[in-house]
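Below you'll find the structure, written out as structure tokens, and then a few comments.
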Amino acid sequence: MVEFDDTFRQHLRELFVWRRDVRRFRADPLPAGAIDRLIETACLSPSVGLSQPWRFVVVDDAARRRAVIDDFRACNADALNAYAGERAARYATLKLSGLEQAPGHLAVFADKASDIGHGLGRTTMPETTEYSVVAAITAMWLAARADGIGIGWVSILNPERVHTTLDVPETWKFIAYLCIGYPEVECDQPELEQAKWEHRRGAGEFTLRR
Ligand SMILES: Cc1cc2c(cc1C)N(C[C@H](O)[C@H](O)[C@H](O)COP(=O)(O)O)c1[nH]c(=O)[nH]c(=O)c1N2
């Protein structure tokens, strides 16, 4: 039996407040085993039917990393072209990945074909497989911050090209590409808010009562 006291609860709240999506990384390498430890923590996450559908690919190969960076550049240029006027000018100033600097690259997939969990909970909602993987990424994101390590989620990528670049099984669905490393700065405000792209709204805006 473990009990959590008020001091822990306060620290946990601070962890949520100070977790950031990180795009600016210091050059220092991660300690040996750091990514493996984050993956171990992620594997403690809830998953539909205890299916543990998360699949992790640690990307160390320079040519594969380069291919992902090139894909990001192409997708980001397309994304910029989809905006116009002042919004386009603002988008162009945003830094939307730390792929070039991050010492760690981790791709995360959902295995849509795994029998683990025997299908429980997925009959009417097969998408719960992907939800489970996102839950694991969130746990990893918070655990990393507790270690002083930053994670940046990059989704400005072409999933099919990532699939080909990483040469993973056909049944794996691409969920996330994560940049991992020590952040240049710590901040309690999202970078997109600092850049005046969007602001964080309170829970009241998203809550209905019926
Ligand atoms: C599914 C998903 C996908 C992405 C993101 C997040 C999530 C959940 N975010 C990070 C996102 O911009 C960030 O979480 C919000 O701006 C809030 O900032 P904090 O995470 O609180 O720092 C993100 N950021 C970025 O710079 N490039 C990206 O491609 C993405 N993609």
Side-chain angles (χ1 to χ4, degrees), residues 2 4 12 15-16 19-23 25 30-61 63-65 67-72 75-76 79 96-99 102-147 149-181 190 206:
V2 178
F4 301 105
L12 183 62
L15 178 62
F16 280 86
R19 180 212 50 80
R20 284 282 69 73
D21 183 71
V22 176
R23 297 116 175 157
F25 294 95
L30 290 162
I35 292 184
D36 291 333
R37 285 190 291 278
L38 291 175
I39 292 172
E40 277 168 28
T41 300
C43 290
L44 298 174
S45 301
S47 62
V48 63
L50 193 51
S51 58
Q52 297 192 274
W54 37 72
R55 303 291 180 264
F56 300 96
V57 180
V58 181
V59 185
D60 288 332
D61 180 72
R64 292 191 210 268
R65 282 187 179 215
V68 172
I69 291 168
D70 290 346
D71 186 43
F72 167 76
C75 294
N76 203 34
L96 295 172
S97 99
L99 288 167
H105 281 207
L106 182 68
V108 191
F109 295 82
D111 186 352
K112 296 291 290 175
S114 169
D115 287 336
I116 303 173
H118 312 286
L120 189 152
R122 285 178 280 170
T123 311
T124 56
M125 294 187 67
E127 65 273 25
T128 49
T129 300
E130 289 90 322
Y131 298 166
S132 302
V133 177
V134 174
I137 293 169
T138 305
M140 175 183 273
W141 215 333
L142 288 160
R145 179 61 187 83
D147 286 342
I149 293 171
I151 290 184
W153 184 324
V154 185
S155 57
I156 306 167
L157 292 168
N158 177 308
E160 282 171 24
R161 284 204 289 263
V162 174
H163 214 274
T164 306
T165 297
L166 300 182
D167 190 21
V168 293
E170 204 56 49
T171 57
W172 292 15
K173 180 173 173 186
F174 176 59
I175 303 294
Y177 199 92
L178 305 177
C179 297
I180 309 180
F206 308 117

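Values below: every heavy atom of this structure, side chains too, minus hydrogens, waters and symmetry copies.
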In terms of side-chain heavy atoms, does Asp71 have a donor or acceptor partner in Thr165 at a distance below 3.5 Å? no

Does atom NZ (Lys112) have a neighbourhood of more than 12 heavy atoms from anything else shown, all under 6.0 Å? yes

Quick check: closest heavy atoms across Val154 and Cys179, and the distance to 0.1 Å? CG2-SG, 3.8 Å

Take Val108 and Val57 through the test side chain to side chain contact (heavy atoms under 4.5 Å, CB included) and record every step on the way to the result. CA-CA 6 Å; Val108 191; Val57 180; over 6 Å; no

Heavy-atom check, side chain of Leu166 versus side chain of Phe174, under 4.5 Å: no

Arg64 side chain reached by Asp167 side chain, heavy atoms, under 4.5 Å: yes

Taking the side chain as C-beta and beyond, is there a heavy-atom pair between Val68 and Val59 under 4.5 Å? no

List the steps and the verdict of side chain to side chain contact (heavy atoms under 4.5 Å, CB included) for Arg55 and Val168. CA-CA 10 Å; Arg55 303 291 180 264; Val168 293; over 6 Å; no

Can you find a heavy atom in the side chain of Leu12 that is under 4.5 Å from one in the side chain of Leu142? no

Ile116 versus Leu50: any side-chain heavy-atom pair under 4.5 Å? no

When you measure from the side chain of Trp54 to the backbone of Ala42, do you find a donor-acceptor pair of N or O atoms at a distance under 3.5 Å? no

For Ser45 and Ala136, the nearest pair of non-hydrogen atoms, with its separation, is OG-CA, 3.2 Å

Distance, nearest 0.5 Å, that separates CD1 of Ile69 from CZ of Phe72: 10.0 Å

Over all heavy atoms of both residues, which pair between Arg37 and Pro31 is shortest? Give the atoms and the distance, please. NH2-CB, 4.3 Å

Give, for atom CG of Leu178 and atom OG of Ser97, the distance between the pair rounded to the nearest 0.5 Å. 12.0 Å

For residues Phe56 and Ile35, determine if any side-chain heavy atom of one lies less than 4.5 Å from a side-chain heavy atom of the other. no

Test item: Pro53 and Ser47 side chains (from C-beta on) under 4.5 Å apart, heavy atoms: yes

Heavy-atom donor-acceptor pair, Gln52 side chain to Cys43 backbone, under 3.5 Å: yes

Kindly give the heavy-atom pair with the smallest separation between Cys75 and Arg161, and that separation in Å. SG-NH2, 3.8 Å

Note: Ala146 and Leu15 closest approach over all heavy atoms is N-CD1, 3.6 Å

Could you give the distance from CG (Asp70) to CG (Leu157), rounded to the nearest 0.5 Å? 11.0 Å

Just say parallel, tilted or perpendicular for the rings of Phe109 and Trp172, cut-offs at 30° and 60°. tilted

Parallel, tilted or perpendicular for His105 and Tyr177, by the 30°/60° rule? perpendicular

Is the shortest heavy-atom distance from the side chain of Thr129 to the side chain of Arg122 under 4.5 Å? yes

Roughly how far, to the nearest 0.5 Å, is the CE atom of Met140 from the CD1 atom of Ile149? 10.5 Å

Apply the test side chain to side chain contact (heavy atoms under 4.5 Å, CB included) to residues Arg65 and Leu99: give CA-CA distance (whole Å), side-chain angles for both, the deciding distance (0.1 Å), then the verdict. CA-CA 8 Å; Arg65 282 187 179 215; Leu99 288 167; over 6 Å; no

State whether the side chain of Asn158 and the backbone N or O of Glu160 hold a donor-acceptor pair below 3.5 Å, judged by distance alone. yes

Checking side chain to side chain contact (heavy atoms under 4.5 Å, CB included) between Leu106 and each of Leu38, Val58, Ile137, Ile151, which is the one that passes? Val58

Derivation and outcome, side chain to side chain contact (heavy atoms under 4.5 Å, CB included), residues Arg145 and Arg20: CA-CA 8 Å; Arg145 179 61 187 83; Arg20 284 282 69 73; over 6 Å; no

Interatomic distance, Ser51 atom OG to Asp115 atom CG [nearest 0.5 angstrom]: 11.0 Å

